[in-house]
Structure formats: structure tokens, C-alpha cells
Trainee: 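Before we start, here is the structure in question, set down as C-alpha cells.
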Amino acid sequence: YLYLPAGRFTPTINGVTYDVIVFDSDTDRIPVDYIGLNGTTPVSLSAEAALVTENTEWIGTGLIGGAEWYVVTNDVTIFDLKVLGTANLILADGATLTAGGSDGTAIGEGHAGVEVGEGATLRIYAQAGGTGALRAVGSERGAGIGGNGNCSCGTVEIFGGRITAASGGSTGYGAGIGGGCFGDGGTVRIHAGTVIAVGGKGAEDIGGGYCGAGASVTVTGGSVYASE
């Protein structure tokens, strides 16, 4: 028998390397390191996080039994991920979370790739290498990250990782990060990482969707590629 503490391990046995995740039997959480901020200084921290899989639909403290911390440890594709309450998402080095598919058409019109509606908060963190990635594509009227069609965005805060967010469909009317079509942009703060945001027709890259009001946007670091 091999007894291991909760965590992620890559043992090599007989020349074969395995990816092993061990959960705490009481909480279904694993300890994960991530990079946060102490003021403006990056610091190494850790959290007990729930694992995001292809079966995950909702994340956040607003769920019954929902966690505050989540982690993506490998490549995962989810159609229409929703945040309820507050969710802190760690993108582990080498892992990519794809939300909304390749162009958003698979999730149905009006849905965001990662739904962060009014009153919800999503914070995104990376590990030391900064190679974890999130690719979020909304449907034709939904934001990449933020509001569904006719809905405003809550709060999106990015502390690291490689983030690509776009409104999809044939033309797109939602923001890359912010409101869906007719939705306001909410609050967006970017502290680190690489962020590429592409809004749809008449929408902002970071801000409001088509005919929606703009966002409160704060950028204190990182690389941001957005035209509006």
C-alpha cells in the first residue's frame, strides 16, 4: 500500500510517469499553491480547492455545499460554466480550461462562456509558472466572461494566467469580459497575467455589451490586449 497526503503527485513507476490526485476524504479538496498579492507584491499562497472537471456546471459560495476555491489541474472543456456567489479559480501550470467550446455555438444563444452575473464574483489566479490558461467564448449574445444576453456582469478580477475571452456566434453582441447584449460591464480588475478580450458587434472588448453601459475597469499590471 502507498499512503499519500492530499495533493497532486507525478510518481514514476517502472519508467512510467503517472498523474495522481489525492483528495482529503473529509472535504473532497486538495491543497494547491497559487500566486496572490500582498498589496502590489506577488506572494506564494495556498488553498484547499475543489477540482474542476468536465462535469462541473456551477462554482461558488452561493451553492449549497459549494466551495470558495477551485482548481483546474489538466485540460478541461466545459460548456457554459456558471458562478454563483464568490469563486476563486486557480489555473494550475500547464492546464487549460475551455468554456463555451470553440465558438460558443454549442452552449445556446444568450449564454456567456463563463457566466458571472450581477452580484457574483470570479477571481482568477495562476501558479508560479503562469502557464495556466482560460479560454472563454460566449454565444452570440453572451459575453466571453460575464453576463448572459440581457444581463450585466458582476465582478471579474484577474491575478494571473493566460486569459482569452470573446463573444462568439456569427457576429457576437456581448463583451469579451463584461456585459452580455444590452448588459452593463460591471467591475473588472486586472493585476497580472496576459488578457486578450474581444467584444462582439457594438460591444466593448472589456466593458458593456451592445447598448450596455461600460465597466469600471482597473488595470494595475499584466499584459492586456483589448481595443476598448
Trainee: Please give me the minimum heavy-atom distance between Gly176 and Ala197, naming the atom from each residue.
Mentor: CA-CB, 4.5 Å
Trainee: Mind checking whether Val52 and Trp58 sit in one hydrophobic cluster, side chains of I, L, V, M, F, W, Y counted as touching below 4.5 Å?
Mentor: yes
Trainee: For the residue pair Trp69 and Tyr34, categorise the inter-ring angle as parallel (less than 30°), tilted (30 to 60°) or perpendicular (more than 60°).
Mentor: tilted
Trainee: Applying a strict under-4.5 Å side-chain criterion to I, L, V, M, F, W and Y, I'd like to know whether Leu91 and Val224 cluster together.
Mentor: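 Yes, it is one cluster - the side chains of Leu91 and Val224 are joined through contacts under 4.5 Å.
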Trainee: Would you say Gln127's side chain and Asp93's backbone share a donor-acceptor pair under 3.5 angstrom?
Mentor: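 Indeed, once roles are kept as given, a pair shorter than 3.5 Å links the two residues.
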Trainee: Arg189 and side-chain contact (heavy atoms from CB on, under 4.5 Å): which partner among Ile158, Val219, Thr155, Val217?
Mentor: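 Output: one option passes, namely Thr155.
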Trainee: Calculate, to the nearest 0.5 Å, the distance between atoms CG and NZ belonging to Leu122 and Lys82 respectively.
Mentor: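 NZ of Lys82 is found 14.5 Å from CG of Leu122.
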Trainee: For the backbone of Gly60 and the side chain of Tyr70, can you confirm whether one donor and one acceptor N or O come within less than 3.5 Å of each other?
Mentor: yes
Trainee: Is the backbone of Gly200 close enough, under 3.5 Å, to the side chain of Ser167 for a donor and an acceptor to pair up by distance?
Mentor: no
Trainee: Are any side-chain N or O atoms of Asn38 and backbone N or O atoms of Val43, one a donor and one an acceptor, separated by less than 3.5 Å?
Mentor: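 Answer holds: no.
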Trainee: Atom CZ of Arg29 and atom CD of Glu68: how far apart are they, to the nearest 0.5 Å?
Mentor: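 One finds 10.5 Å between CZ of Arg29 and CD of Glu68.
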Trainee: Here's a test for you: under side-chain contact (heavy atoms from CB on, under 4.5 Å), which of Val114, Leu81, Ile78 qualifies with Ile59?
Mentor: Leu81
Trainee: Going by atom types only, do Thr220 and His191 share a side-chain donor-acceptor pair under 3.5 Å?
Mentor: yes
Trainee: Take Thr73 and Leu51 through the side chain to side chain contact (heavy atoms under 4.5 Å, CB included) test and state the conclusion after the steps.
Mentor: CA-CA 8 Å; Thr73 61; Leu51 188 66; 3.4 Å; yes
Trainee: With rounding to the nearest 0.5 angstrom, report the CG to CD distance, Leu84 to Glu57.
Mentor: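 Rounded to the nearest 0.5 Å, the CG-CD separation comes out at 13.0 Å.
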Trainee: Hydrophobic clusters here meaning ILVMFWY residues chained together by side-chain heavy-atom distances under 4.5 Å, can you tell me if Tyr173 and Val116 are in one?
Mentor: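 No, Tyr173 does not connect to Val116 through the hydrophobic network.
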Trainee: Report the C-alpha separation of Val72 and Ile90 in whole Å, then their side-chain angles, then the decisive distance to 0.1 Å, and conclude whether the side chain to side chain contact (heavy atoms under 4.5 Å, CB included) test is met.
Mentor: CA-CA 6 Å; Val72 182; Ile90 301 170; over 6 Å; no
Trainee: Does any N or O in the side chain of Asp33 come within less than 3.5 Å of the main-chain N or O of Ser46, such that one atom is a donor and the other an acceptor?
Mentor: no
Trainee: Check step by step if side chain to side chain contact (heavy atoms under 4.5 Å, CB included) holds for Ile190 and Ile206.
Mentor: CA-CA 11 Å; Ile190 301 171; Ile206 300 176; 4.1 Å; yes
Trainee: So if you build clusters from Ile, Leu, Val, Met, Phe, Trp, Tyr with side-chain heavy-atom gaps below 4.5 Å, do Leu45 and Ile30 land together?
Mentor: yes
Trainee: For Gly113 and Ala99, which heavy atoms make the closest approach, and how far apart are they?
Mentor: O-CB, 3.4 Å
Trainee: What's the verdict on side chain to side chain contact (heavy atoms under 4.5 Å, CB included) for Arg141 and Asn150, showing C-alpha distance, side-chain angles and the deciding distance?
Mentor: CA-CA 8 Å; Arg141 294 189 299 110; Asn150 302 312; 3.3 Å; yes
Trainee: To the nearest 0.5 angstrom, please state how far the CD1 atom of Ile124 sits from the CG atom of Leu89.
Mentor: 6.0 Å
Trainee: Check Gly94 against Thr131 and note the closest heavy-atom contact, atom names and distance.
Mentor: N-OG1, 2.9 Å
Trainee: Ignoring hydrogens and angles, tell me if any N or O in the side chain of Ser139 forms a donor-acceptor pair with the backbone of His111 under 3.5 Å.
Mentor: yes
Trainee: Assign the ring pair Tyr125 / Phe159 to parallel, tilted or perpendicular, where the plane angle (0 to 90°) is split at 30° and 60°.
Mentor: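 Parallel.
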Trainee: Are the side chain of Thr194 and the backbone N or O of Arg162 linked by a donor-acceptor pair below 3.5 Å?
Mentor: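 No; judged by distance alone, with no hydrogens or angles, the pair does not exist.
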Trainee: Under a 3.5 Å distance rule, please check whether Asn148 uses its side chain to pair with a backbone N or O of Gly142 as donor and acceptor.
Mentor: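 Side chain of Asn148 to backbone of Gly142: no pair is present.
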Trainee: Where is the tightest heavy-atom contact between Gly179 and Cys153, given as atom of each residue plus distance?
Mentor: N-CB, 4.0 Å
Trainee: First locate atom CG of Leu134, then atom OG1 of Thr96, and finally report the distance between them rounded to the nearest 0.5 Å.
Mentor: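 One gets 9.0 Å once the value is rounded to the nearest 0.5 Å.
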Trainee: Test your reading of the model: is there a side-chain donor-acceptor pair from Thr61 to the backbone of Thr86, 3.5 Å cut-off?
Mentor: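 Yes; judged by distance alone, with no hydrogens or angles, the pair exists.
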Trainee: In Å and rounded to the nearest 0.5 Å, what is the CD1 to CG distance from Ile177 to Asp205?
Mentor: 9.5 Å
Trainee: Is there a path of hydrophobic side-chain contacts, each under 4.5 Å between heavy atoms of I/L/V/M/F/W/Y residues, joining Ile196 to Leu97?
Mentor: no
Trainee: I need the minimum non-hydrogen distance between Ala203 and Ala175, along with the two atoms involved.
Mentor: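 Of all heavy-atom pairs spanning Ala203 and Ala175, the closest is CB-N, 3.9 Å.
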Trainee: Taking Asp184 for its side chain and Ser152 for its backbone only, find out whether a donor-acceptor pair lies under 3.5 Å.
Mentor: no
